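On a predicted model such as this, the values are computed, not experimentally measured, just so you know.
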Amino acid sequence: IDDLAEVDYSLNSLPAVFQPFIDLDLKGIVHPAGNYSGPPFVAAPFAIPDQRDSMLYLAFSEYFFQTSSFAYYTAGAFNITIAEETCSYFNISTEVFGSIIPEVAKYSVTPYPVMLKLTATEIPIVSLEQDSFTVEIQGSMEVFAVLPDSTTQLLFTMNIAANTSIALNIFDQKLMGSLCLNRLQFSLAHSNVGFFEISLLENILSYILQTEVIPSANGK
């Protein structure tokens with residue numbers, strides 16, 4: 001698929017040949033590149049609805065998306081660093097955080113650039129629905145101050161729980177996906193600047209994550 005994941009689409013059994021059609025039962029298992037150990041999921045049988053008005057029907061099971069999630073999680077694809085060097089429009093500083101959180105202003109009097117490290121702490125859960133599928137993500141976000149000598153100081157760490165819906169449609173003979181962020185919740189896990197209310201940060205962090213993470217995921 002790419003540098004991070006490979007797919008095993010070999011046949012599970014001999015093709016079933018009937019007069020009007022042929023059934024091909026493919027594995028559809030996604031592995032981390034170079035690692036063919038079995039994923040921690042069990043494939044459930046499923047059937048394609050009996051329809052005859054098209055030449056080809058292709059179905060993907062929930063198992064395919066679950067193994068994809070496992071492969072990319074194992075490869076570290078859900079770990080993202082957001083900083084000025086990696087994102088041209090990201091110019092959030094400790095001064096901006098300090099204007100919202102007084103504890104940050106007291107901890108870092110001199111304005112410094114800020115770096116965010118996002119990490120998935122569990123395998124994202126993929127669930128198929130009627131016309132879309134949802135993804136549940138559990139993760140953490142570390143907020144660092146970047147000092148003039150390029151070293152970093154951890155300001156605080158937050159837990160993140162996100163729920164997204166992805167709808168797939170065919171437009172102009174292309175498979176298109178639209179991504180909707182249904183829920184984004186934060187909780188304070190650790191702080192070097194003292195305790196503060198998470199609600200003070202939710203608006204700015206929601207904006208950062210939606211503008212940086214969501215378009216990236218949609219592009220893939």
(request) Could you go through the side-chain contact (heavy atoms from CB on, under 4.5 Å) check for Val135 and Phe65 one step at a time? (result) CA-CA 10 Å; Val135 182; Phe65 293 105; over 6 Å; no
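- The two residues Ala71 and Pro32 come nearest to each other via the heavy atoms CB-N, 3.6 Å.
- Every pair tested for salt bridge (Lys or Arg N to Asp or Glu O under 4.0 Å) that includes a residue from residues 28-38 fails, sequence neighbours excluded, so the list is empty.
- One N or O on the side chain of Ser99 and one on the backbone of Val96 form a donor-acceptor pair closer than 3.5 Å.
- Residues Leu26 and Leu58 do not share a hydrophobic cluster, defined by chaining ILVMFWY side chains whose heavy atoms lie under 4.5 Å apart.
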Return all side-chain donor-acceptor pairs below 3.5 angstrom for residues 109-124, not counting sequence neighbours, or 'none' if the list is empty.
from, atom 1, to, atom 2, distance (Å)
Thr121, OG1, Gln138, O, 3.2

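- Counting all heavy atoms, side chain and backbone alike, Ala162 lies closest to Leu184 at CB-CD1, 3.8 Å.
- Glu136 and Asn163 make their closest contact through OE2-ND2, 2.5 Å (heavy atoms, listed as atom of the first residue, atom of the second, distance).
- For Tyr9, there are no ring pair (Phe, Tyr, Trp, His ring centres under 6.0 Å) partners, not counting sequence neighbours.
- A distance of 10.0 Å separates CG in Leu155 from NE2 in His190, rounded to the nearest 0.5 Å.
- Annotation: salt bridge (Lys or Arg N to Asp or Glu O under 4.0 Å) contacts involving residues 14-35, sequence neighbours excluded, comprise Asp8-Lys27.
- Nearest heavy-atom pair across Tyr63 and Gly28 is CD2-O, 4.3 Å.
- Cluster annotation: Phe97 and Leu188 are assigned to the same hydrophobic cluster (Ile/Leu/Val/Met/Phe/Trp/Tyr, side-chain heavy-atom contacts under 4.5 Å, transitive).
- When all heavy atoms of Thr134 and Ser165 are compared, the pair lying nearest together is CG2-OG, 3.7 Å.
- Every residue two or more places apart in sequence or in another chain was checked for a ring pair (Phe, Tyr, Trp, His ring centres under 6.0 Å) with Tyr57, and none qualifies.
- Here Glu142 contributes atom CD and Thr152 contributes atom OG1; the two are 9.0 Å apart, rounded to the nearest 0.5 Å.
- Remark: side-chain polar atoms of Asn192 are paired, donor with acceptor, to backbone N or O of Leu154 under 3.5 angstrom.
- What you find for Leu128 and Glu62 is that their closest heavy atoms are N-OE2, 2.8 Å.
- Sorted by first and then second residue, the side chain to side chain donor-acceptor pair (under 3.5 Å) pairs with a member in residues 67-76 read Asp2-Tyr72; sequence neighbours excluded.
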